[in-house]
Amino acid sequence: MTRMNQSSYEKRFVRLAGRVEKGFILVILVGIALVIGSQFLLTFDSFRQSFVETVRLEGVASP
């Protein structure tokens, strides 16, 4: 009887662990996509001037 309950518990645990693992992978992939997207946007001067406070505070470099 205990073996049957343990088997049921193990199946539920494996299912839960699989869902949690998929969630972690999704969070990591979304984070990577956000980092790549934000770095891409920072290559544009107009975006960088608007959203990065340090660039606004430093001013424009003279040639």
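All residue numbers in this chain count up from 1 along the given sequence.
Note on F47 and F40: same hydrophobic cluster, where clusters join Ile, Leu, Val, Met, Phe, Trp and Tyr whose side-chain heavy atoms are under 4.5 Å apart, directly or indirectly. The same ILVMFWY cluster, assembled from side-chain heavy atoms under 4.5 Å apart, contains both F51 and F44.
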Side-chain atoms of residues 24-32: list all donor-acceptor pairs with protein atoms under 3.5 Å, sequence neighbours left out, distances to 0.1 Å.
none

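Residues L42 and Q39 have side chains in contact (heavy-atom distance under 4.5 Å, counting atoms from C-beta outward).
Sorted by first and then second residue, the salt bridge (Lys or Arg N to Asp or Glu O under 4.0 Å) pairs with a member in residues 41-52 read D45-R48; sequence neighbours excluded.
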